[in-house]
Each structure stands twice: as C-alpha cells, then as structure tokens.
S.K.: 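For reference, the structure I am asking about is given below.
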Amino acid sequence: MSNCQPAILQAIPPLARYLVYTLIPETDPRAALRALKTAADGERTLAGLGQSLVTALGRGIGELRAFPEFSGRGIDVPSTPAALLLWLRGADRGELVHRHREFDGLLAGAFRCTQVIDAFTYDGRARRDLTGYEDGTENPKGRKAVAAAVSSRKGIAGSSFLAIQQWEHDMRRFETMTRRQQDHCFGRRRSDNEELDNAPESAHVKRTAQENFEPEAFVVRRSMPWAEGGRCGLVFTAFGASFDAFEAQLKRMTGEDDGITDALFRFTRPLTGAYFWCPPVKGGRLDLSALGL
Ligand code: HEM
C-alpha cells in the first residue's frame, strides 16, 4: 500500500473543481496549512503545494521546481505558477460549491483563490476527451502506477509531483478536419480506440509513447474535460515520481528534440501550466512533516 494521496491512484470522479490559490503577501501560511492538513484527506480533496509556498516556509523539496516555458514553431507553452492547488473530487456540483467555500474560509488568513475550473467526466467509463477520443488508455496500472507516480525517496516517500495545464480546444477547427485527419492527430481510431500503425510522426501517441523515451517516461494521467460558457477543453494532469517524465514528453510535443510539433496543437493550446508537490498522507491527513508542520 502506498501512502500517497489516494486520489492519484483512483479513477477520475464524475465531477471535480480545481482551485488555484496565491499566497497573500506578508502573511504566515502555517496556521492555514495546519488547518488544511486535516481538511484535505487526499481522496475527496487532493492538495498540491507550489514552489513559492514551500520557499515561503524556508524549506525546499528537491524535485519541486517552477514549470518551464516552452516555445515551438508557432506555439507557446506558458508557465503560470501558483502557491496551492486543490482538486475537489465528487459527484454533486452543489456539494463541490459548498466544499470550495469551506476551503476559501479555512485558508482566508493567508491564501486567495485566483482560479476555479469546473470539470467533469465525459461518457462514463470510456472517459473521453471532448473530441471524443478515449483518454487514459495507456496509463500504467497497479504497482506500475505506483512506481510511475509516487516517490519512494527517503524523507518524502509517498509524495507525488503534479503537472497541470488547462488546455482550450478550438472545436470548430477540429470539426473542419476529416475523421481520418482527426485520427491521425491522435494516432488512434476514435471508433474503437485502436492505435494506428500508419500514423504520422506528429501523432500525439507517437510523440508521447512512454516506453520510447530513454529512460522510459511513465506518468499517471488523470485529466478531465472542462467547459464554461462557450469555451471548453481539457484539464491535463500528470502525476510523477518527479517532473522528469512529463518534461521529456512535453519537450517532444513541442518539437524541441526533432522539430516535429504534436498534431494536437492544430486545434488546442495550453492556457496555463504549473507544478505542485503532493505530500503523502498519514492517518487520513496530509503529512507535512517534510515542511516541519
Ligand atoms: C489537450 C491536450 C491533450 C489531449 C486531448 C490528450 C489526449 C490523449 C489521448 C486521447 C491519448 C490516447 C489514449 C491514452 O493512452 O490515454 C493520449 C495519450 C497520451 N498522452 Fe495526451 N493529451 C493531451 C495532452 C498531453 C500532454 C500535455 C501530455 C504530456 C506532456 C500528454 C501525454 C500523454 C501520454 C504519455 C499518453 C500515452 C502515450 C503512450 O504511452 O501510448 N498528453 N493523450
């Protein structure tokens, strides 16, 4: 059994709300974090701490760093760091709204909520992206998932490192493509989720094939679709034992290695990008002992 936050190893919930917080200048976050330790169980509510927060406490977590900016041919991958991220998971939107308000109150002494994203599962068990393609098929499972997503390093064992990006889809543009072009963007057939042998090098699953990296680059993805007004996309989330595997994949997507850009960029782009340290849990509470709390 791993002592990571249980949400990392569980399937995505029917509904979720992502909350991003910044630290209010010249406040001491310790009291709020002590309250958070008990309120966030790692299962209904997953918590991730950003580098600025860890630094404000006068501490450091070796693997934690700022999200890097990338630029490829005509594409920008922004870095939008934050102090704290909460992933509220549930099945009732009203309950999520109330839980959000509770956390805002609990953290009010030191944190301000600066972004809220409402997310959901599309098509039940298939767990599709809004383009209709199944997402998460090649996620490692069981012990392999733990090895990919959870650190066993002494002092922080049970920790995980979360890369999160809000992507916005241009659905109109996507819909101007033929089904064959769409399948070639992903490298899989939408109709039966089969991987295509003849997919171009720009196909997303060719860019990111986890066993093709040296060393292999496995992560556990728990992404969820989002929609607001007429806009929509995917909240991409990847949990790793460090950020190295994610960064290797992202570099290949932007064409940094070989000049070939991931075909996904034809219809979607990242609006945000941030890294968070997800502390382990102990007795149903966050274990913040690595920060002296
Ligand atoms: C809007 C953005 C994205 C969408 C819609 C998307 C969608 C998908 C889909 C449909 C698959 C195929 C099924 C599966 O194995 O899950 C896939 C695979 C994958 N994606 Fe993404 N993805 C996005 C962004 C990213 C990003 C930013 C990364 C990492 C930097 C990434 C990493 C991966 C990996 C590692 C795989 C599995 C590759 C393999 O080993 O076969 N994806 N994605």
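For ligands, and for the atoms within them, numbers begin at 1 and follow the listed sequence.
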S.K.: Considering only the protein, which heavy-atom contact is closest to atom 10 (C) of ligand 1, and what is its distance?
M.R.: Glu134 O, 3.2 Å
S.K.: Any atoms of ligand 1 less than 4.0 Å from a non-hydrogen atom of Leu250? List them with their elements.
M.R.: 30 (C)
S.K.: So, using side chain to side chain contact (heavy atoms under 4.5 Å, CB included) as the criterion, who are the partners of Gln51 when residues are at least two apart?
M.R.: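 Partners of Gln51 by the side chain to side chain contact (heavy atoms under 4.5 Å, CB included) criterion, ordered by chain and then number, come out as Thr55, Leu64, Ala66.
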S.K.: By the definition side-chain contact (heavy atoms from CB on, under 4.5 Å), identify the one residue from Leu46, Ile8, Val219 that meets it with Leu162.
M.R.: Leu46
S.K.: Where does Asp129 meet ligand 1, judged by heavy-atom distances below 4.0 Å: at the side chain, the backbone, both, or neither?
M.R.: side chain
S.K.: Which residue owns the protein heavy atom closest to atom 29 (C) of ligand 1, what's the atom, and how far is it?
M.R.: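 Ranked first by proximity to atom 29 (C) of ligand 1 is Gln249 OE1, 3.2 Å.
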S.K.: Starting from atom 14 (C) of ligand 1, locate the nearest protein heavy atom and write down its residue, its atom name and how far away it is, to 0.1 Å.
M.R.: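 For atom 14 (C) of ligand 1, the nearest protein heavy atom comes out as Thr137 N, 3.3 Å.
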S.K.: Within 45° of the ring axis of Phe213 and under 6.0 Å from its six-membered ring centre, is that where the NZ or CZ of Arg252 lies?
M.R.: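 Ring-cation test returns yes.
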S.K.: Tell me which protein heavy atom sits closest to atom 40 (O) of ligand 1, plus the residue, atom name and distance to 0.1 Å.
M.R.: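 Nearest neighbour among protein heavy atoms for atom 40 (O) of ligand 1, to 0.1 Å: Gln210 NE2, 2.8 Å.
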S.K.: Relative to atom 30 (C) of ligand 1, which among Phe218, Tyr133, Phe246 owns the nearest non-hydrogen atom?
M.R.: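 Nearest option to atom 30 (C) of ligand 1, by heavy atoms: Phe246.
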S.K.: Could you check atom 16 (O) of ligand 1 against the protein and tell me its nearest heavy-atom contact, residue, atom and distance included?
M.R.: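 Protein heavy atom with the smallest distance to atom 16 (O) of ligand 1: Gly136 N, 2.5 Å.
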S.K.: Does Arg128 have a heavy atom less than 4.0 Å from any atom of ligand 1?
M.R.: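 It does not, in that no heavy atom of Arg128 comes within the 4.0 Å cut-off of ligand 1.
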S.K.: Give every protein N, O or S atom lying under 2.8 Å from atom 21 (Fe) of ligand 1, naming each by residue and atom.
M.R.: His204 NE2
S.K.: Does only the side chain of Gln165 get under 4.0 Å from ligand 1, or the backbone, or both, or neither? Count heavy atoms.
M.R.: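 It is the side chain that gets close, since no backbone atom is under 4.0 Å.
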S.K.: Salt bridge between Asp28 and Arg30, side-chain N to carboxylate O under 4.0 Å?
M.R.: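 Yes.
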S.K.: How about Leu196 and Asp183: do any of their side-chain heavy atoms sit closer than 4.5 Å?
M.R.: yes
S.K.: Number the atoms of ligand 1 from 1 as they appear, then name those within less than 4.0 Å of a heavy atom of Ala209, with their elements.
M.R.: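 Per the distance check, 39 (C), 40 (O).
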S.K.: Show me the pairs that pass side-chain hydrogen bond (donor to acceptor under 3.5 Å, both in side chains) and involve residues 284-293, at least two apart or across chains.
M.R.: Asp287-Ser289
S.K.: Below 4.0 angstrom from a heavy atom of His169, which ligand 1 atoms are there? Numbered from 1 as shown, please.
M.R.: 1 (C)
S.K.: Using the ring of each side chain (for Trp, its six-membered ring), is Phe186 parallel, tilted or perpendicular to Tyr133, with breaks at 30° and 60°?
M.R.: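 Taking Tyr133 first and then Phe186, their aromatic rings lie parallel (interplane angle under 30°).
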S.K.: Show me the pairs that pass side-chain hydrogen bond (donor to acceptor under 3.5 Å, both in side chains) and involve residues 60-83, at least two apart or across chains.
M.R.: Glu63-Arg153, Arg65-Asp244, Arg65-Glu247, Ser71-Asp76
S.K.: How far is atom 2 (C) of ligand 1 from its nearest protein heavy atom, and which residue and atom is that?
M.R.: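 Checking every protein heavy atom, the shortest distance to atom 2 (C) of ligand 1 gives Trp167 CD2, 3.6 Å.
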S.K.: Does a donor on one side chain and an acceptor on the other come within less than 3.5 Å for Asp104 and Tyr21?
M.R.: yes
S.K.: Any side-chain donor paired with an acceptor under 3.5 Å for Gln115 and Gln166?
M.R.: yes
S.K.: Establish, from distance only, whether the side-chain atoms of Trp277 and Ser159 form a donor-acceptor pair under 3.5 Å.
M.R.: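 A donor-acceptor contact under 3.5 Å links the two side chains.
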S.K.: Hey, mind stepping through Arg89 and Gln10 against side-chain contact (heavy atoms from CB on, under 4.5 Å) and telling me if it holds?
M.R.: CA-CA 11 Å; Arg89 304 164 74 252; Gln10 292 178 7; 3.6 Å; yes
S.K.: Are any of the heavy atoms in Ala238 under 4.0 Å away from ligand 1?
M.R.: no
S.K.: Is there a salt bridge (charged side-chain N to carboxylate O under 4.0 Å, His left out) between Asp135 and Arg128? Walk through the geometry before answering.
M.R.: CA-CA 5 Å; Asp135 193 13; Arg128 295 178 197 276; over 6 Å; no
S.K.: Nearest protein heavy-atom contact for atom 41 (O) of ligand 1: which residue, which atom, what distance?
M.R.: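 Among all protein heavy atoms, the one nearest atom 41 (O) of ligand 1 is Glu138 CG, 3.3 Å.
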